[in-house]
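Shown next, in structure tokens, is the structure this report addresses.
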Amino acid sequence: MISLEGIANVVSMFGTACGLFSRVPQVYKTYKSKSAGDLSSQTMAINITANSCFLFYTIVNEQYPIMLNCITVITLESSLIY
């Protein structure tokens, strides 16, 4: 029998996968066009801060798949700011 916890785990993994790849198209577009003029650096800074806080939470609670998502978001958003 499928439990609610099992469904939550699958949904969490799907969300983590979406999070891992959600910023890749923007990074690729910015790299190809050599322009990040339309991006809001304040929004990216807030996302980096939020994911850094969430990263701390995932480290403390040993939630490794979500931790990978946080690290990926921080890395991709930082590359866009750079």
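For the numbers below, each heavy atom of this structure counts, side chains included, while hydrogens, waters and symmetry mates do not.
Tracing side-chain contacts under 4.5 Å through hydrophobic residues (I, L, V, M, F, W, Y), one reaches Ile74 starting from Tyr64; they form part of the same cluster. Hydrophobic clustering places Leu76 together with Ile71 (ILVMFWY residues linked when any side-chain heavy atoms are closer than 4.5 Å, directly or through intermediates). Linking Ile, Leu, Val, Met, Phe, Trp and Tyr whenever their side-chain heavy atoms come within less than 4.5 Å puts Leu80 and Ile48 in one cluster.
Here the straight-line distance linking atom CG of Asn51 with atom OG1 of Thr72 works out to 9.5 Å at 0.5 Å rounding. A distance of 11.5 Å separates CZ in Phe54 from CD1 in Ile59, rounded to the nearest 0.5 Å. For the atom pair OH of Tyr28 and OG1 of Thr30, the computed distance is 12.0 Å after rounding to the nearest 0.5 Å.
Ile7 CD1: more than 12 foreign heavy atoms inside a 6.0 Å radius.
In this structure, Lys29 fails the cation-pi test against Tyr31, since its NZ or CZ atom is not both closer than 6.0 Å to the six-membered ring centre and inside 45 degrees of the ring normal.
Contact check for Tyr57 versus Ile66: no side-chain heavy atoms found under the 4.5 Å cut-off.
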